[in-house]
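Below is one structure, written out as structure tokens; comments come after it.
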Amino acid sequence: MKLVVIGLGQGGSRVADEFAHLNNRAKSERKIEVTPGVFAVNTDAADLSSLRYIGTDYQSRILIGGRKAGGHGVGKINEMGAEIAKEDGDKVIDAIRTAKRFYESDAFMLIASSGGGTGSGALPVITQMVKDRYGDKPVYALVILPFEHEESTEERTIYNTATCLKSISSIADAVFLVDNQRFVRKDHSLRNNLAKINTLIAEPFYDLLCAGEEKKPRFIGAKVVDAGDIRQTLTGWTVIGHGKADVATIRLPFFQTRNFRKKSTETHKGIQAMDEALSELSLQCNPMDAGRAMYLLTAPHKEMNLEIVKELGDYIRDLAPNAIIRNGDYPREGSTMNVTLILSQFSDVEKVRNYYYKSTDLIPEYQRRQKEVETKLKGIDEAAGEIPSLL
Ligand SMILES: Nc1nc2c(ncn2[C@@H]2O[C@H](COP(=O)(O)OP(=O)(O)OP(=O)(O)O)[C@@H](O)[C@H]2O)c(=O)[nH]1
Ligand SMILES: [Mg+2]
């Protein structure tokens, strides 16, 4: 599958930059292309300059809100991010249109963090514009949810997240949820290592995007996962995970026979990779609530067999009994067995529900503060009443 990727705001642009990196990898390691266009959009000029892989021209790194934001962001006010996107969104649409290879793409992927101002506000607005303009291609969103410490110290983060999620879920064909906090769970040092987290966010998409683009017969699986399968799977709230198991073994001659123990070891490795994919899902969720699922097994040819694919299917069926399950295999060289797992069409996501509850409680407080600011401003205006104006 080929994606046009658009990163919005700081977090969104940096993760989009990782997709541009994945594309470079796909080109050099596999001679295929997975992202014919990658763009970064921000109100902050310095953030745009610090990207590494996205083209450096003004059509690839797009500065919006020039006058309003002065090139310095919108300071977490996502209403302002949305307003600027409405005014300057044409710049993004123009850039997409002029991208040389845009017509080869199968879908759009728009990426933003929900807790800030620019990305959170611009995501639903630009998604809407892209959908209006290119209605025939699916438009997916990837939303990066804030760390726990941000939620507890700054309630605006929760409010931004709730408004962003509500707005994007009504427009995008599917919304990938990625929880920053998930990456800190195992490795606490990651809290201060956003670059590493960004790599981990993009990584699970690598095999998934490459599988259907392969041209060399020896890398084409018995059941290829192509853009059509992915499109059929992705709808509504969605999570993704990736896991791998090492299959490098010393190959003694008697091991190459049809030894049943060897076969069960392979199946075991497949389950091990699937377990890791499940525990590494981009957001903690209950698979019972998923309406669709897809898994892709990527492994050396000789390590793959129908039995593993079937075992993995049975495993997922037990965990997600309400889901329509799709699968595929992708033979590659190397010594690892990889599982990419997508769960989609969630009927319930506890974390999203909690954002909505918490920010509903915040609305009266925000309205009170807004009124207070207005009254104070009025007071100062009144005090200036008799002073002559220079205008
Ligand atoms: N994973 C990840 N999260 C990030 C990154 N940068 C910021 N965030 C998260 O994104 C949220 C803040 O949003 P930003 O993306 O910085 O904000 P913005 O869209 O640039 O908007 P403003 O700066 O307010 O104009 C917080 O929850 C951060 O933890 C990043 O590079 N990677
Ligand atoms: Mg910013």
Side-chain angles (χ1 to χ4, degrees), residues 5-21 39-54 61-85 88 92 110-127 141-165 167-168 176-185 187 189-205 240 280 282-283 351 355 359:
V5 177
I6 307 170
L8 305 156
Q10 175 182 287
S13 295
R14 288 187 186 164
V15 173
D17 209 37
E18 284 302 321
F19 273 86
H21 187 197
F39 305 88
V41 181
N42 207 340
T43 52
D44 190 317
D47 281 347
L48 282 177
S49 321
S50 69
L51 302 171
R52 291 175 64 194
Y53 304 101
I54 293 177
R61 301 185 185 193
I62 306 165
L63 185 67
I64 56 168
R67 236 173 338 108
K68 277 200 172 128
H72 296 297
V74 299
K76 290 196 186 283
I77 311 295
N78 71 349
E79 291 88 348
M80 191 164 159
E83 201 53 45
I84 287 174
D88 276 0
V92 182
L110 281 79
I111 309 174
S113 64
S114 60
T118 302
S120 175
L123 180 68
V125 174
I126 303 288
T127 302
L142 188 153
V143 180
I144 304 156
L145 302 174
F147 293 102
E148 263 167 33
H149 69 92
E150 295 174 312
E151 293 180 14
S152 54
T153 53
E154 175 53 87
E155 59 192 21
R156 178 83 209 186
T157 306
I158 295 175
Y159 184 78
N160 285 352
T161 298
T163 50
C164 176
L165 290 176
S167 315
I168 193 65
F176 285 94
L177 294 166
V178 177
D179 186 1
N180 264 343
Q181 191 63 29
R182 292 283 278 173
F183 300 95
V184 186
R185 208 173 20 130
D187 182 352
S189 68
L190 281 186
R191 178 169 152 177
N192 299 316
N193 192 346
L194 287 174
K196 175 76 181 149
I197 292 183
N198 296 342
T199 310
L200 293 171
I201 292 175
E203 179 72 28
F205 289 90
I240 185 166
E280 298 294 319
S282 54
L283 177 89
K351 190 147 177 103
Y355 283 121
S359 31

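Every heavy atom of this structure was used, including side-chain atoms; hydrogens, water molecules and symmetry mates were not. Residue indices begin at 1 and follow the sequence shown. First listed ligand is number 1; within each ligand, the first listed atom is number 1.
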Tell me whether [X] has any N or O atom under 3.5 angstrom from an N or O of ligand 1.
X	value
Val74	yes
Gly119	yes
Ile201	no
Thr118	yes
Asp47	no
Ser120	no

Handout entry: Derivation and outcome, side chain to side chain donor-acceptor pair (under 3.5 Å), residues Asn78 and Thr163
Key = CA-CA 9 Å; Asn78 71 349; Thr163 50; 3.0 Å; yes

Exercise for the section: Apply ring-ring contact (aromatic ring centres under 6.0 Å, His included) to Phe176 and Phe205, showing your working. Expected result: CA-CA 11 Å; Phe176 285 94; Phe205 289 90; 5.2 Å; yes

Exercise for the section: Identify the two heavy atoms, one from Lys76 and one from Arg156, that lie closest to each other, and give their separation to 0.1 Å. Expected result: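 Scanning both residues, the minimum pair turns out to be O-NE, 3.4 Å.
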
Handout entry: Shortest non-hydrogen contact from Gly12 toward Ile144
Key =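 Closest approach of Gly12 to Ile144, heavy atoms only: N-CD1, 4.3 Å.
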
Exercise for the section: Determine, step by step, whether Ser114 and Ser120 satisfy the side chain to side chain donor-acceptor pair (under 3.5 Å) criterion, reporting the C-alpha distance in whole Å, the side-chain angles of both residues, the deciding distance to 0.1 Å, and the verdict. Expected result: CA-CA 4 Å; Ser114 60; Ser120 175; 5.9 Å; no

For [X], counting its heavy atoms only, list the atoms of ligand 1 lying under 4.0 Å from any of them.
X	value
Ile197	1 (N)
Pro146	27 (O)
Phe147	29 (O)
Gly117	21 (O), 22 (P), 24 (O)
Gly73	25 (O)

So which heavy atom in the protein is nearest [atom], and how far is it from that ligand atom?
atom	result
atom 13 (O) of ligand 1	Ser113 OG, 2.9 Å
atom 17 (O) of ligand 1	Gly116 CA, 3.6 Å
atom 2 (C) of ligand 1	Asn198 OD1, 3.4 Å
atom 9 (C) of ligand 1	Asn180 ND2, 3.9 Å

Practice task
Spell out, as yes or no, whether a donor-acceptor pair under 3.5 Å connects the side chain of Glu151 to the backbone of Glu148.
Solution key: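 Side chain of Glu151 to backbone of Glu148: no pair is present.
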
Problem - Asp17 (side chain) donor-acceptor with Arg52 (main chain) under 3.5 angstrom - result: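 At least one qualifying donor-acceptor pair exists.
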
Problem - Tyr53-Glu18 side chain donor-acceptor pair, cut-off 3.5 Å - result: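 No, because no side-chain N or O of Tyr53 sits under 3.5 Å from a partner of the opposite role on Glu18.
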
Exercise for the section: Would you please say whether a donor-acceptor pair under 3.5 Å links the side chains of Arg61 and Asn42? Expected result: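 Judged by distance alone, the side chains do not pair up.
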
Exercise for the section: Compare Gln10, Glu151, Glu150 and give the one whose heavy atom is closest to atom 28 (C) of ligand 1. Expected result: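 Nearest option to atom 28 (C) of ligand 1, by heavy atoms: Glu150.
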
Practice task
Tell me which one of Ala195, Gly121, Gly11 gets a heavy atom nearest to atom 8 (N) of ligand 1.
Solution key: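 Heavy atom nearest to atom 8 (N) of ligand 1 belongs to Gly11.
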
Handout entry: Glu79 CD: over 12 foreign heavy atoms closer than 6.0 Å
Key =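 Yes, because the 6.0 Å sphere around CD of Glu79 holds more than 12 heavy atoms from other groups.
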
Exercise for the section: Calculate, to the nearest 0.5 Å, the distance between atoms CG and CD1 belonging to Leu8 and Ile111 respectively. Expected result: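 Here the interatomic distance stands at 8.5 Å.
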
Handout entry: 4.0 Å protein heavy-atom contact status of atom 23 (O) of ligand 1, strictly under
Key =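 Within 4.0 Å: no protein heavy atom nearby.
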
